[in-house]
Amino acid sequence: FALNLHAQRPASTNYDESKVPEYTLPAVLTTSSGKKVRSAKVWEKSRRPEVLGLFAENIYGQMPLKYDRITYSIINEDRNSMNGKAHLKEVLIEVFNRNKSVKINLTLFIPNQKTGPAPVFLLINNRPKENTDPSRTVKSEFWPAEVLIEGGYAIAAFQVNDLAPDNKETFMNGALQLYPEQLNAENGMRAIGAWAWGASRVMDYFETDPQLDKKRVAVTGHSRGGKASLWAAANDQRFALCISNCSGNTGAALARRQFGERVKVINTVFPHWFNTNYKKYNDNEDQLPVDQHMLISLIAPRPVYATNASEDLWADPRGTFLSLKHAEEVYELYGLKSALPEVQPELNTPIIESPLAYHNREGKHDLTVYDWKQFIRFADSHYWGKKN
Ligand code: GTR
């Protein structure tokens, strides 16, 4: 997989800061009719829906909201997992629409030491299922469930293939079965949209579980999963926090910088991730009516944490930091002051006590225990004002 992945990176990829072209970002606070947005009220009433619509139309596709029925069954449960520290629930979520259904397998650990409902981290898992092993025979840094339980958090995950197999030939064999009209639409939902849709169906389940604090659910993802976590939080305001790890192009990084991965490459290698309209922007980023700072802005006033790894220039760490910076003006409409510095922080220096949070970890493109420990600090500080 890794070898293959690097073979798909063109020799023309730019990693040189001095070769980043000059660019002008679309103004997040100016409506399409040229009106300047000066209040949270006007943002929410007119500009926010417009921006959300532009992302759906040009990139991620529509987000279907209706379905006929949803059922939840606990298929396995252990009140004494992790040596009594956690309550394991394996939940089968089945969503029905027009005589078709999709099954989402959720793994969930809830801390036993907690009085009252527990806040939750939900990972949109784009790695093999073993990374979220319910039996804990396999322990992975990618989803270090014990660390989260120790920190007082419930931890949940579902695998993206349940919603849309990550494959250009078979991605439609999942949530898209419920919405076949999406497939023929140029602005229709595709794989990343389906994964985000799945996160919302998991949220539907969380709302029914009295052991969980549904006002404190963080949606998290790594890389392609991190693109989906941003899109999920933009659409579904029930997510209290959004964390996007190494999400790069069409995730948290600015497209117009044309640094590392570009729109044409992502659309060529992963044609099933985004809608058909997005292909118009191949080698044509400047024509996009949005850039990724506007996706982050859609999540305001809820906190967003975007992270990178130093060796992962493909995901443009600097472009991710700048994207957060350009979202600041939307948070300011809510009276929220970001603590991000003017220039990209040093490696391993998380800026956490801020509605727009950032770190660039030393090392490779991955999700590690270091990252998760920062996510816990981020949630602690936003939920309980706990200082680090
Ligand atoms: C790469 C892709 C990136 C990122 C990554 C991943 O091949 O170019 O956009 O999503 O995969 O998901 O690990």
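Because only heavy atoms are used, hydrogens play no part in the values below, and waters and symmetry mates are left out as well, while side chains stay in. Bear in mind that the values here come from a model prediction, so they are computed numbers and not experimental data. One-based numbering along the sequence shown.
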Across all chains, not counting sequence neighbours, the side-chain hydrogen bond (donor to acceptor under 3.5 Å, both in side chains) partners of Y281 are N58
Which class fits the ring pair W314 and Y15: parallel under 30°, tilted 30 to 60°, perpendicular over 60°?
tilted
Quiz item: Is D209 salt-bridged to K214, going by a charged N under 4.0 Å from an acidic O?
Solution: no
* Kindly say whether the aromatic ring centers of Y305 and F375 come within a distance under 6.0 Å. => yes
Sorted by chain and number, sequence neighbours left out, side-chain hydrogen bond (donor to acceptor under 3.5 Å, both in side chains) with N282 holds for N267
**OP:** Could you check whether the rings of H293 and H326 sit parallel, tilted or perpendicular, using 30° and 60° as the cut-offs?
**Re:** perpendicular
### Message
Quiz question: by atom type and distance under 3.5 Å, do the side chains of E186 and Y278 form a donor-acceptor pair?
### Response
no
Would you please classify the geometry between the W195 ring and the W273 ring as parallel, tilted or perpendicular, with 30° and 60° separating the classes? perpendicular
Between the CG atom in D291 and the OG1 atom in T250, the distance rounded to the nearest 0.5 Å is 9.5 Å
Determine whether T13 and V265 make a side-chain contact, defined as any pair of heavy atoms from C-beta on separated by less than 4.5 Å. no
- Query: Between the main-chain N or O of K129 and the side-chain N or O of D133, is there a donor-acceptor pair closer than 3.5 Å?
  - Reply: no
Sequence neighbours excluded, the answer for side-chain contact (heavy atoms from CB on, under 4.5 Å) partners of S338 is E328, L340, S354, L356
| request: Spell out, as yes or no, whether a donor-acceptor pair under 3.5 Å connects the side chain of S247 to the backbone of S244. | output: no
In short, L183 meets R190 closest at the heavy-atom pair O-NH2, 3.4 Å
Short question: side chain of H365, backbone of L313 - any donor-acceptor pair under 3.5 Å?
-> no
Tightest non-hydrogen contact, residues N112 and R79, listed as ND2-O, 3.0 Å
For L347, the other hydrophobic cluster members (4.5 Å side-chain criterion, sorted by chain and number) are none
Please report, to 0.1 Å, the donor-acceptor pairs under 3.5 Å made by any side chain of residues 62-71, with sequence neighbours excluded.
residue: Q62; atom: NE2; partner: N187; partner atom: OD1; Å: 2.7
residue: Y67; atom: OH; partner: D204; partner atom: OD2; Å: 2.7
residue: D68; atom: OD2; partner: R98; partner atom: N; Å: 2.9

On a heavy-atom basis, the closest approach of M82 and A145 is CE-CB, 3.5 Å
Give the ring-plane orientation class for H222 versus F142, where under 30° counts as parallel, over 60° as perpendicular and anything between as tilted. perpendicular
On a heavy-atom basis, the closest approach of A240 and P303 is O-CD, 3.6 Å
* Between W231 and Y60, how do the two ring planes meet: parallel, tilted or perpendicular, split at 30° and 60°? -> parallel
D316 meets the side-chain hydrogen bond (donor to acceptor under 3.5 Å, both in side chains) criterion, sequence neighbours left out, with R257
Q.
What I want to find out is whether K85 reaches E150 closely enough, with some N-O distance under 4.0 Å, to be called a salt bridge.
A. yes
When every non-hydrogen atom of I243 is compared with those of S229, the smallest separation belongs to O-OG, 3.0 Å
